[in-house]
There are 2 protein chains.
Amino acid sequence: MSIRIGIMGYGNLGKGVECAIRQSNDMELVAVFTRRPPESVHILTEGTKILHVSDATTMIDAIDVMILCGGSATDLPEQTPEYAKLFTVVDSFDTHAKIPEHFANVDAAARETNNLALISCGWDPGMFSVNRLYAEAILPTGKTYTFWGKGVSQGHSDAIRRIEGVLDAKQYTIPMDEALAAVRSGKNPDLTTRQKHLRECFVVADENADRARIASEIRSMPNYFADYDTVVHFITAEEMKRDHSGIPHGGFVIRSGKTGWNEDDTNIVEYNLKLDSNPEFTASVIVACARAAYRMRMEGAVGCKTILDVPPSYLSPLSDEELRASLL
Amino acid sequence: MSIRIGIMGYGNLGKGVECAIRQSNDMELVAVFTRRPPESVHILTEGTKILHVSDATTMIDAIDVMILCGGSATDLPEQTPEYAKLFTVVDSFDTHAKIPEHFANVDAAARETNNLALISCGWDPGMFSVNRLYAEAILPTGKTYTFWGKGVSQGHSDAIRRIEGVLDAKQYTIPMDEALAAVRSGKNPDLTTRQKHLRECFVVADENADRARIASEIRSMPNYFADYDTVVHFITAEEMKRDHSGIPHGGFVIRSGKTGWNEDDTNIVEYNLKLDSNPEFTASVIVACARAAYRMRMEGAVGCKTILDVPPSYLSPLSDEELRASLL
């Protein structure tokens, strides 16, 4: 029998979840929920219901796991606790600093009605977190580095778009080759923000706008750009569409740790991702997590969990015997 | 209170476990067991008992986890079932093809007396297995590649040493740069054995031996070398000691997987290790696994498990709250 999935919110992430479910033979997409008029939303899967969010309560018995595809800024802090009272839920809440607070809220809500919630599923937080944990548990004496990119930062692109005279913008975060090489060499360098990442911006400006002023406003923006070397390119709307319509991303988690009685030996553990599509990969992690959430709930687990609590085998559709024979 | 550890077998791996325990504040090395006369064995930790293997039964109440550091060929198939009847045990059984059989034997033995056994802990099997599993669960449509090296293969080095006229030998397995590049590009190439790895051999020959014959015997050795490009260097005993006394290793697990409705997007997941000391890193994985085994046993788990069954958080000495706040 298939695991019956609901998708709450049909943007890039929701669409990615839909695609990942198509690749999962043990899952079935039962319904997509939207805040828009359902008749205005068109999805890719045939035979799946499109319902208004207000109809979610009618589907409690028809859905095993509800995947919440809203944003971390305003949607998920409200949605995840709300729906954790009704369903086994999975989200990709990614505001690192607020994870403990989100966890506490979701845990309390899920326990009210004996549901399970698996939060912060994706790649960072998510697979990068798991890899930081493994590497630090194995090599307690060492240093962990996380680099992001090359990829599109949505938040930074949005920040540029808010500048007067900017019609469109895309910002790429690029890890510095020198910094990566120093980390991989086992030198455990102390790296400044500027030494770790470069920020490259592609901007479509209004034809009457002062480009020098725009570039200066970008480079001096606190938190977003001021601490980085920032390159600004002005391009046309056509170039933006032609060359920058993808949403690639990726990154590196590297731990360099010492072993041996006198800690003379250096060991480097690296995990890296190179993604054509950030939302599709994030969605693929979420769908594997939905499988795990379903199994953990079937075994009686309740409350809030994260991928750090999930036995890896629960993410796979293969049996434990198959995993031991083929992957171990 | 510390987790009380016993080490069964004090070779390179046992010594690596001893070093890793020193880096773990929540663990204490209680005893080292040896088949040799205990008075002939000298360890690094002060105050730890050195006992003959026949005394293991006297330490059942003093040890929380017994770490079995024997070899996979003959030691562990006997030892792990035997000691799983007495202790919570961890081993690093690494004969991939025999894991299902070993698992079944250990599982039956451990269940007889309600003990827990965590087998095949290390990096392959071990961390490479976990990474194959994560990547395949997340990207079901794709292809996984494992490369080993650059590093010393003990089995291949031993095989060369058995050739007449060879006094000493060290064999390095080296992944081919072209193959790695092709895999990382997302092309999903079909690679032959020869295209994936090069074998480089350093040989100390008897001065009267026929070097051409030795090189030819190495290159034509079935299973070990015949399917590879094999480079043979003859060196002196002094050069062997000076340049080849380390036991480095490493490798790569790379999965290239497609996402999107029409599977147009390529995503590359890579995990790689670069290890100065293969036995010390393996031992570090084992010690983290011993922590997990202890916790799982405290929660009531019995029988045989592998790292695929272990929630990542169980490997870390940090609390779940600390992990969520600092690593997620």
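Below, chains carry the letters A, B, ... as their sequence lines are ordered, and counting in each starts from 1.
Neither the backbone nor the side chain of A:V287 has a heavy atom closer than 4.5 Å to any heavy atom of chain B. For A:A325, the parts sitting under 4.5 Å from any heavy atom of chain B are the backbone and the side chain alike. Contact annotation for A:N131: only side-chain heavy atoms (C-beta onward) come within less than 4.5 Å of a heavy atom of chain B. Proximity to chain B (any heavy atom under 4.5 Å) is restricted, for A:E136, to the side chain, taken from C-beta onward. Proximity to chain B (any heavy atom under 4.5 Å) is restricted, for A:R184, to the backbone atoms N, CA, C and O. When heavy atoms are compared at a cutoff of 4.5 Å, A:S326 does not approach chain B at all.
Annotation: maximal heavy-atom pairing with chain A below 4.5 Å, among B:K258, B:H96, B:M127, occurs at B:M127. The candidate with the highest count of non-hydrogen atom pairs below 4.5 Å against chain A, out of B:Y134, B:F281, B:Y271, is B:Y134. The choice from B:I99, B:T306, B:N262, B:D309 that makes the most heavy-atom pairs within less than 4.5 Å of chain A is B:D309.
Side-chain N or O atoms of B:E270 include none that pairs as donor or acceptor with a backbone N or O of A:N272 at under 3.5 Å.
No side-chain heavy atom of B:W261 sits under 4.5 Å from any side-chain heavy atom of A:K15.
Of all the heavy atoms in A:D265 and B:S277, the pair that sits closest is OD2-CB, 3.7 Å.
The side-chain hydrogen bond (donor to acceptor under 3.5 Å, both in side chains) search around A:D276 returns none, not counting sequence neighbours. Legend: residues meeting side-chain hydrogen bond (donor to acceptor under 3.5 Å, both in side chains) with A:K143, ordered by chain and number and at least two apart, are A:D190.
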Quick one: do B:E263 and A:Q23 satisfy side-chain contact (heavy atoms from CB on, under 4.5 Å)? Show the steps, please.
CA-CA 9 Å; B:E263 301 185 340; A:Q23 293 183 319; 2.7 Å; yes
Go through the steps to decide whether B:L323 and A:L133 satisfy the test side-chain contact (heavy atoms from CB on, under 4.5 Å), and finish with yes or no.
CA-CA 8 Å; B:L323 291 173; A:L133 167 48; 3.8 Å; yes
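Here the straight-line distance linking atom CG of B:L327 with atom OG1 of A:T144 works out to 7.5 Å at 0.5 Å rounding.
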